[in-house]
Amino acid sequence: MNRFLPCATLALCLACSAAEPPRMLFLEDAGHDPTAPSGTRSGFAILRREDGSFCFYNPYAPSAEPLSLPDRKGVKHTLQPALPENLAKSKVLIDSCILNNTQTLLSADGTVRSITVKAEKHSKEDAVRIGLPMYLDVWYRQGNALAVSEPVRTWRGYNGSQMEYQRLASGRLLVPHGSFLPHAKAVPPTGRHETVIEYSDDGGMSWQLSASKLTSPCYEGYNGSNEGACEPCFEEIRDGSIWMLMRSQAGCLYESISKDNGTTWSQAAPSRFRTSTGPANLLRHRDGRLVLTWNNCELPPKHDGMGVYGGRDALHIAISDDDGRTWQGFREIYLDHRRNDNPAASGDRGTAYPLAAFTDEGKIVVLAGQGKGGRNPILVDPDWITATSAETEFRDGLAQWAVYQHTGPAKRWWRARRIGCALIETPDGPGTRSLHVRNPDEPDTAVWNFPNGWRGELTARIRLPAGSQGAIFSLNDRFFDPSNTLGEDLAMFQARVTTESLKPDTWHTLSLRWDLSRGECEQRMDDQLMATYKLRHRTLNGLSYLRIRSAAGKPDPHGVIIRHVKAAISDPKAPAITREELDAHQRDYVKIIVPRW
């Protein structure tokens, strides 16, 4: 079964045109669905074909017409291919509602397969006895243009979110998911979920449950609910194994490997991918590369001991051309357009729960997001992921920047937000705008993502007005909320600029040149070496974030003005790492960061 092209053909598959930045496409609000991964019904679905490619359609109005969706400017984008005509015109399939699912499978013989989650309500007495508020059971159904079978329940329990399922190259159906454990509580050592794995070797006629039950650790003080290992994604690897990544509350995605076609799995262990809380998605692109989509974010801290919703304001993507040994990208594809607004009083919000596919042109399509207006497809050019430079002159305003602040008391995971930094007319540059980072009553912070680099240079055109108390420039490997001072404390490198070393009211060019192989970063000003810094905290993935924060310890209306920022990466690969390095990195996280929750 030809599920992907060998990487030797990679150069032939990539377009030669300039890479386009991601485009969000917009869906109409289809309402609430408690069994959907995001809790939101979506007018977007994918049909995964046996060769690993996809078709796109509206699950609530299946059609052979291509799905066409508008971007922010109203320009329509058509996602090809559409549903095969024989499926779209089959009254049997349409009336059965088997296609009314965000993801379905299509075999070469025309069989459509669907896994869904259905609620099974309990009486109050039964809920107490069983130890679960309800069941969210797993059901399987299959059919073709002529006939559709009745649904079969494959598992009974509480599967809070079915992220992914596939038919493997061997023909086995593999369905991993979380299991809410009866009478369990969201507390250490492993929370209230475990990941279980269902599989079928006879086309869904009968189902087995793997003996492997996967868990991940959790810790006291976590700013969220200690759910445990759940909401997994997976992909087949060329060596014949299957790689799974799971949501956890340990600061990173946890991973497990199966070497026997999904029958048994290795003990879950830390992966290299930092995350706040949220599931990931793995995709095998048509050119053979692996694509990972996840929230490369750190959770914001609690406020006065009260939980604060966050950690899902940015969604990231990375790509690997060697089956996951090395990675490139770590780029934001979805910086929540609602990030400066006060959160909703209840319910999820953010950019999480990604589901990825690719078009017949090779563009990646990622459905992601939560809450009203938040779940939409994002069109991503693979060449943009691997680009080695990025820059901004604020012509698109603050679209690329996170500048919000948390403010006021926290209550039931809610805390107000406001915009911090502002754009101003550029001094000596009429008709252009620049970013002004100050300290009106608390320090402003601006956060910007660029392509990850093991070695590279970041330059910024800056100006310190007379009276400024200076600014701090930090380089990080993940997204920290602008208000989260861990972003400064845990930065890999950090440089300060003040009027003691810079002429005020004058434009200067700041350069930060880093090389993680040497563990050093040079700070230059107007091409003059000012300082060489040693690595403050280790990273496994390279640098991909700039944070600019006011250094003022008291109100400072002057701050720093930034006209232009550019990142140029000379080594874009996050290198291969060993299990020992991963475990040591996670031990450092638990030692250094967890106590600060």
Side-chain angles (χ1 to χ4, degrees), residues 22-49 52-84 87-88 93-94 97-106 112-117 161-166 231 233 278-283 285 291 293 312 315 317 333-334 336-338 348-381:
R23 290 177 180 268
M24 178 170 284
L25 310 180
F26 289 89
L27 301 167
E28 294 183 4
D29 188 354
H32 179 65
D33 180 356
T35 65
S38 68
T40 304
R41 295 178 66 185
S42 170
F44 171 96
I46 59 172
L47 180 75
R48 183 191 292 265
R49 299 191 285 196
S53 64
F54 300 88
C55 300
F56 301 89
Y57 67 100
N58 181 345
Y60 304 107
S63 167
E65 291 297 315
L67 187 63
S68 185
L69 300 170
D71 63 19
R72 198 176 302 275
K73 295 181 179 180
V75 177
K76 288 289 188 75
H77 298 262
T78 301
L79 305 179
Q80 297 270 25
L83 273 181
L87 301 185
L93 279 175
I94 300 302
C97 298
I98 193 173
L99 292 171
N100 294 19
N101 194 359
T102 306
Q103 50 187 323
T104 50
L105 309 179
L106 177 63
V112 176
R113 294 181 166 90
S114 177
I115 292 287
T116 55
V117 173
S161 181
Q162 181 63 53
M163 292 302 299
E164 191 176 349
Y165 57 96
Q166 289 189 38
E231 298 175 343
C233 64
N281 179 266
L282 277 168
L283 169 72
H285 194 268
V291 180
T293 315
R312 295 178 175 179
L315 184 71
I317 198 164
I333 59 170
Y334 186 0
D336 197 339
H337 49 281
R338 305 156 297 175
D348 275 352
R349 188 179 90 162
T351 65
Y353 290 90
L355 174 66
F358 56 82
T359 69
D360 58 1
E361 296 179 337
K363 295 290 180 68
I364 299 168
V365 186
V366 181
L367 177 69
Q370 308 143 270
K372 187 173 179 60
R375 190 158 183 80
N376 294 293
I378 305 140
L379 200 58
V380 185
D381 185 341

Minimum heavy-atom separation for [X] to [Y], with atom names?
X: L283; Y: A356; result: CD1-O, 3.9 Å
X: I378; Y: I333; result: CG2-O, 3.7 Å
X: S63; Y: A88; result: C-CB, 3.5 Å
X: Y334; Y: A368; result: CE2-O, 3.7 Å
X: Y165; Y: S114; result: OH-CA, 3.6 Å
X: L355; Y: M163; result: CD1-O, 4.5 Å

Set out, in order, the CA-CA distance, both residues' side-chain angles and the distance that settles side-chain contact (heavy atoms from CB on, under 4.5 Å) for K73 and R23, then state yes or no. CA-CA 10 Å; K73 295 181 179 180; R23 290 177 180 268; 5.7 Å; no
Can you tell me if Q80 has over 12 outside heavy atoms packed within less than 6.0 Å of its CD? yes
Supply the atom-to-atom distance [X] [atom1] to [Y] [atom2], rounded to the nearest 0.5 angstrom.
X: I94; Y: L83; atom1: CD1; atom2: CG; answer: 7.5 Å
X: H77; Y: L69; atom1: NE2; atom2: CG; answer: 9.5 Å
X: N100; Y: L93; atom1: CG; atom2: CG; answer: 11.0 Å
X: L79; Y: E361; atom1: CG; atom2: CD; answer: 9.5 Å
X: L67; Y: F56; atom1: CG; atom2: CZ; answer: 8.5 Å
X: D71; Y: M24; atom1: CG; atom2: CE; answer: 11.0 Å

Should the pair F358 and F54 be assigned to parallel (<30°), tilted (30 to 60°) or perpendicular (>60°) ring geometry? perpendicular
Apply the side-chain contact (heavy atoms from CB on, under 4.5 Å) test between C55 and each candidate in T104, L87, L47; give the one that qualifies. L47
Taking C-beta and beyond as the side chain, do L106 and R48 meet within less than 4.5 Å on heavy atoms? no
Do L315 and V366 make a side-chain contact, defined as non-hydrogen atoms from C-beta onward lying under 4.5 Å apart? yes
Show your reasoning for whether side-chain contact (heavy atoms from CB on, under 4.5 Å) applies to R375 and L367. CA-CA 7 Å; R375 190 158 183 80; L367 177 69; 3.9 Å; yes
Check step by step if side-chain contact (heavy atoms from CB on, under 4.5 Å) holds for S161 and E231. CA-CA 6 Å; S161 181; E231 298 175 343; 3.3 Å; yes
Before giving the answer on salt bridge (charged side-chain N to carboxylate O under 4.0 Å, His left out), spell out for R338 and D336 the whole-Å C-alpha distance, their side-chain angles and the decisive distance to 0.1 Å. CA-CA 5 Å; R338 305 156 297 175; D336 197 339; 2.9 Å; yes
Can you tell me if [X] uses its side chain to pair, donor with acceptor, with the backbone of [Y] under 3.5 Å?
X: Y57; Y: L99; value: yes
X: H337; Y: G373; value: yes
X: Q162; Y: T116; value: no

